[in-house]
Student: 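Dumping the structure here so I can ask a few things about it.
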Amino acid sequence: VRKIVGHWTRGAGGFLNPSRREALEAVEVAGTLEEVIKAISREESGPVNTVATGARLKDSCVSHGQLHEIMGKNGGAYLFVFGTGWGLAGEVIENSRYRLEPVTGPDSYNHLSVRSAVAVTLDRLFGRRG
Ligand code: SAM
């Protein structure tokens, strides 16, 4: 990950594509989820609220609207966790503060690429309406 990020920030990639460099300069690499939580805790006061995502989450999920309201009312730090091709490990889902309802569309197939899932999720939670 560091090699790829370095290509776009310090290497030839960043020179050729400055907007990609700007995006990737925001990337920080950590070895574990605990390290990510610790890094956020150093910058934010209060607990880090982890939010698990997944195409197959069913039980005890909050809707996008509910989570939007919770974030507005309670404030604090929220860490959205997205998985790989197999989704998140069960223990990550179980230990998360919130489980977010899956993104769904007009029919039953909803296994999105992670970049699509991130984009739709952020838009449903933070996008401007109207
Ligand atoms: N089969 C996996 C599953 O059931 O979650 C999908 C893996 S997908 C390639 C990689 C990641 O994208 C997932 O771990 C999840 O974070 C996110 N993702 C994919 N589809 C999603 C959906 N419909 N709703 C929410 N997140 C989704």
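Counting starts at 1 for both ligands and their atoms, following the listed order. Computed from a predicted structure; not experimentally measured.
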Student: Please list, one pair per line, the donor and acceptor atoms closer than 3.5 Å that link side chains of residues 116-127 to other protein atoms, with sequence neighbours excluded.
Tutor:
residue: Ser116; atom: OG; partner: Ser113; partner atom: OG; Å: 2.8
residue: Thr121; atom: OG1; partner: Ala117; partner atom: O; Å: 2.7
residue: Arg124; atom: NH2; partner: Thr104; partner atom: O; Å: 3.4

Student: At less than 3.5 Å, what protein N or O atoms come close to the N or O atoms of ligand 1? Include the distances to 0.1 Å.
Tutor:
residue: ligand 1; atom: 1 (N); partner: His111; partner atom: ND1; Å: 3.1
residue: ligand 1; atom: 4 (O); partner: Arg56; partner atom: NE; Å: 2.7
residue: ligand 1; atom: 4 (O); partner: Arg56; partner atom: NH2; Å: 3.1
residue: ligand 1; atom: 5 (O); partner: Ala55; partner atom: N; Å: 3.0
residue: ligand 1; atom: 14 (O); partner: Gly83; partner atom: N; Å: 3.0
residue: ligand 1; atom: 16 (O); partner: Thr53; partner atom: OG1; Å: 2.7
residue: ligand 1; atom: 16 (O); partner: Gly83; partner atom: N; Å: 3.0
residue: ligand 1; atom: 20 (N); partner: Asn110; partner atom: O; Å: 3.4
residue: ligand 1; atom: 20 (N); partner: Leu112; partner atom: N; Å: 3.1
residue: ligand 1; atom: 23 (N); partner: Val103; partner atom: O; Å: 2.9
residue: ligand 1; atom: 23 (N); partner: Asn110; partner atom: O; Å: 2.7
residue: ligand 1; atom: 23 (N); partner: Asn110; partner atom: ND2; Å: 3.4
residue: ligand 1; atom: 24 (N); partner: Val103; partner atom: N; Å: 2.9

Student: Could I get the full list of side-chain hydrogen bond (donor to acceptor under 3.5 Å, both in side chains) partners for Ser19, not counting sequence neighbours?
Tutor: Asn17
Student: Hey, could you give me the CZ/CG distance between Arg97 and Leu67, rounded to the nearest 0.5 Å?
Tutor: 10.0 Å
Student: For the residue pair Val62 and Leu100, establish whether any side-chain heavy-atom pair is separated by less than 4.5 Å.
Tutor: yes
Student: Which atoms form the tightest heavy-atom contact between Pro102 and Leu57, and what is the distance?
Tutor: CG-O, 3.2 Å
Student: Got a sec, which pairs hit salt bridge (charged side-chain N to carboxylate O under 4.0 Å, His left out) with one end in residues 12-39, sequence neighbours left out?
Tutor: Arg21-Glu25
